[in-house]
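First the structure, in the form of structure tokens, and then the observations on it.
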Amino acid sequence: MDAQGKTVVLFACFGVRPEPWLSVLSQAAPDFEWRVWPDAGDKDEVDYVVVWAQPNGFLRQFPNLRAVLCIGAGVDRILEDTDLPDAPIARMRDEGLTQGMVEFVLARVLHYHRLMPAYEAQQREGVWRQLAAPLARDRTVGILGLGQLGAACAASLAANGFQVRGWSRTLKTIPGVASFDGPIEAFLEPCEVVVCLLPLTPATRGILNAGTLSQLWGASLINVGRGAHLVEPDLIPALDAGHLVNATLDVFATEPLPGGHPFWSDPRITVVPHASALTPPATAGPTIVANIRRSLAGETLHDLVDRSAGY
Ligand code: GLV
């Protein structure tokens with residue numbers, strides 16, 4: 001709190017342009033004092049930090065922190081901090097972010113479902129040949145992770161007629177979606193398209209590897225979770241062996257994907273620069289302000305991170 005008794009919120013989202021956020025945030029809460037890192041002012045006065053991709057130990061420098069609000073759905077980057085203060089952390093659950101992910105996943109699933117990579121290859125060769133695509137009801141799509149984003153994508157794919165199965169730590173009830181919590185190998189086996197939307201935890205790190213990918217046959221992979229879900233050196237061999245035919249990767253072990261990395265030039269792989277669902281300030285700004293107001297009123301934050309679960 002500052003000398004005038006105003007709530008002080010610091011925006012410290014590394015690699016994110018602050019201007020579009022600040023115009024929404026300050027309009028949604030003109031009664032707060034908004035500061036933008038590195039102009040944190042008196043660090044004792046900082047009540048809340050809106051954060052993304054902070055350096056290790058960053059949050060520790062604010063001794064009176066009441067809560068941390070992440071602008072992303074995945075909080076693995078925050079939790080990797082080995083010197084994290086005890087303040088509660090909220091991950092982002094936002095209608096605009098969810099809708100963005102649903103649109104991206106639907107676009108990629110339909111692209112693969114309707115054999116667009118084959119037509120693009122035919123066009124490069126000047127080949128005119130019609131290919132029969134099955135209807136969505138004869139296509140099985142598997143979603144790894146049925147959290148806020150995975151559940152919304154699963155529901156949307158089911159509404160578009162696909163056979164949808166979802167794999168998660170606990171069983172979920174989503175209309176039109178078969179829910180599984182058993183061994184991932186058995187889950188993957190019938191999948192023709194696999195979408196990864198898991199949180200990154202010790203249990204899910206490297207879950208897409210030579211062993212699990214070998215359960216698939218002629219499938220397409222869409223990784224919109226985290227780069228570390230995939231054992232990257234296992235991807236091209238899985239494509240070469242025919243377990244996979246295509247992959248869309250939005251996330252990578254190292255971002256930006258280094259120049260010269262084999263993923264850039266493999267025609268079977270589509271590289272997207274971690275942009276499948278950018279958090280839109282217009283919807284997420286008011287979400288953050290509402291959560292801060294909850295905290296100020298002494299209520300528990302919405303979308304509170306369970307540190308022991310890792311998301
Ligand atoms: C983006 O990666 C997010 O976690 O929302």
Side-chain angles (χ1 to χ4, degrees), residues 11-18 20-21 24-25 49-55 58-59 67-81 84 88-108 143-154 156 168-169 195-205 207-208 221-230 232 247-257 263 270-288 290-291 301-307 309-311:
F11 184 88
C13 295
F14 292 81
V16 174
R17 216 159 58 80
W21 282 96
V24 175
L25 290 167
V49 177
V50 178
V51 79
W52 181 250
Q54 86 282 6
F58 176 80
L59 294 165
V68 175
L69 300 107
C70 179
I71 63 161
V75 289
D76 45 289
R77 273 296 293 273
I78 295 185
L79 298 184
E80 268 169 24
D81 193 326
L84 210 51
I89 302 167
R91 62 177 173 278
M92 177 54 63
R93 171 202 288 259
D94 174 65
E95 160 233 325
L97 171 64
T98 304
Q99 178 61 23
M101 186 58 86
V102 166
E103 289 175 7
F104 184 87
V105 167
L106 198 54
R108 293 315 288 170
I143 312 283
L144 300 174
L146 291 176
Q148 172 69 15
L149 298 178
C153 291
S156 155
S168 48
R169 200 162 62 106
V195 180
C196 178
L197 269 167
L198 289 162
L200 183 63
T201 69
T204 66
R205 186 174 286 274
I207 198 158
L208 299 167
L221 173 67
I222 301 169
N223 188 12
V224 275
R226 285 290 182 258
H229 285 129
L230 173 67
E232 289 185 344
T248 295
L249 305 177
D250 181 49
V251 285
F252 302 88
T254 302
E255 295 181 11
L257 182 65
F263 291 171
T270 301
V271 170
V272 180
H274 202 140
S276 57
L278 299 174
T279 308
T283 53
T287 303
I288 288 171
N291 226 357
L301 291 175
H302 279 309
D303 306 305
L304 189 64
V305 170
D306 173 351
R307 293 195 193 193
Y311 60 93

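Atoms within a ligand are numbered from 1 in the order they appear, just like the ligands themselves. Computed from a predicted model, the values in this text were never measured in an experiment.
Using bins of under 30°, 30° to 60° and over 60° for the plane-to-plane angle, the ring pair Trp52/His274 lands in the perpendicular bin. The aromatic rings of Phe11 and Trp21 sit tilted relative to each other, their planes meeting at an angle between 30° and 60°.
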Exercise for the section: Go through the steps for Leu144 and Leu208 under the test side chain to side chain contact (heavy atoms under 4.5 Å, CB included), then give the verdict. Expected result: CA-CA 10 Å; Leu144 300 174; Leu208 299 167; 3.9 Å; yes

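A donor-acceptor distance shorter than 3.5 angstrom exists from the side chain of Asp250 to the backbone of Ser276, with no hydrogens or angles considered.
Surrounding CD of Glu95 are at most 12 heavy atoms belonging to other residues, nucleotides or ligands under 6.0 Å away.
Near ligand 1, residues Trp52, Gly72, Ala73, Gly74, Arg226, His274 each place a heavy atom inside the 4.0 Å sphere around the ligand atoms.
Every residue was checked against the salt bridge (charged side-chain N to carboxylate O under 4.0 Å, His left out) condition with Arg108, not counting sequence neighbours, and none meets it.
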